[in-house]
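In what follows, a structure is listed as structure tokens, so that the remarks can point back to it.
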Amino acid sequence: VAAIWLAALAAILWSPDLISGSMHEHIAIAALTDWFYAAIATGLVLMAFGRRSRGATRSLWMGFTVAIAAIWFAVAIASIYAPSFVTGTDPTTVPIAVFVAPIAGTIATAFASVFAAGSAGREEELR
């Protein structure tokens, strides 16, 4: 959970803004949206850990933790360093990765969480 929120915080602080209009207004898209996707991802991770059984292997949960940290590290890096789309005579700068990366990270977190939660129950069935 800490990795999710640290990555979201990094993206919020250092992601490029949406710049539009003749006065070049800056809109911090990451600050407006990333907290929402981080909250959803947190719920998914807590759901998976809530499903954890005593018989589940430690390596499953360690791998799950590393996978979630890697996913959200990639979200932060993509949000911060991916190039922006610039268009028009009054240059409008659209940081597409700031829109897409947290959604992709949430979806990847959902897949990993469902896999981990399902694997924990499956291990008990096999015993």
Spacing of Leu6 atom CG and Trp72 atom CH2 [to the nearest 0.5 Å]: 12.0 Å

So if you build clusters from Ile, Leu, Val, Met, Phe, Trp, Tyr with side-chain heavy-atom gaps below 4.5 Å, do Val66 and Phe115 land together? no

Do Ile19 and Pro91 come close enough that some side-chain heavy atom pair is under 4.5 Å? no

If we only count heavy atoms from C-beta on, is the Ile107 to Tyr37 side-chain gap below 4.5 Å? no

What residue among Ile12, Val75, Ile29 forms side-chain contact (heavy atoms from CB on, under 4.5 Å) with Asp34? Ile12

Same hydrophobic cluster for Val94 and Ile103, using side-chain heavy-atom links shorter than 4.5 Å among ILVMFWY? no

I'd like to know if Phe36 and Leu18 are part of one continuous hydrophobic network [Ile/Leu/Val/Met/Phe/Trp/Tyr, side-chain heavy atoms within less than 4.5 Å]. no

Where Ala117 and Met47 come nearest, the two heavy atoms and their spacing: CB-SD, 4.3 Å

For a side-chain contact (heavy atoms from CB on, under 4.5 Å) with Thr109, tell me which candidate from Thr42, Val45, Val114, Ile40 qualifies. Val45

Looking at Trp35, I'd like to know if its CH2 atom is crowded, meaning that more than 12 non-hydrogen atoms belonging to other residues, nucleotides or ligands lie closer than 6.0 Å. no

Step-by-step side-chain contact (heavy atoms from CB on, under 4.5 Å) determination, Leu44 to Phe111: CA-CA 9 Å; Leu44 291 165; Phe111 281 121; over 6 Å; no

Tell me the closest heavy-atom pair linking Ala112 and Ile68, and the distance in Å. CB-CD1, 3.9 Å

Quick check: do Phe64 and Ser113 have side-chain heavy atoms less than 4.5 Å from each other? yes

Across all chains, not counting sequence neighbours, the side chain to side chain contact (heavy atoms under 4.5 Å, CB included) partners of Ala28 are Asp17, Ala31

Which atoms form the tightest heavy-atom contact between Ser79 and Ala97, and what is the distance? OG-O, 3.9 Å

Considering non-hydrogen atoms only, spot the tightest contact between Pro16 and Pro95 and give its length. O-CG, 3.6 Å

Leu9: hydrophobic cluster co-members (side-chain, 4.5 Å): Leu13, Trp14, Phe73, Ile77, Ile80, Tyr81

For Ala38 and Ala8, work out which heavy atoms get closest and say how close. CB-CB, 3.9 Å

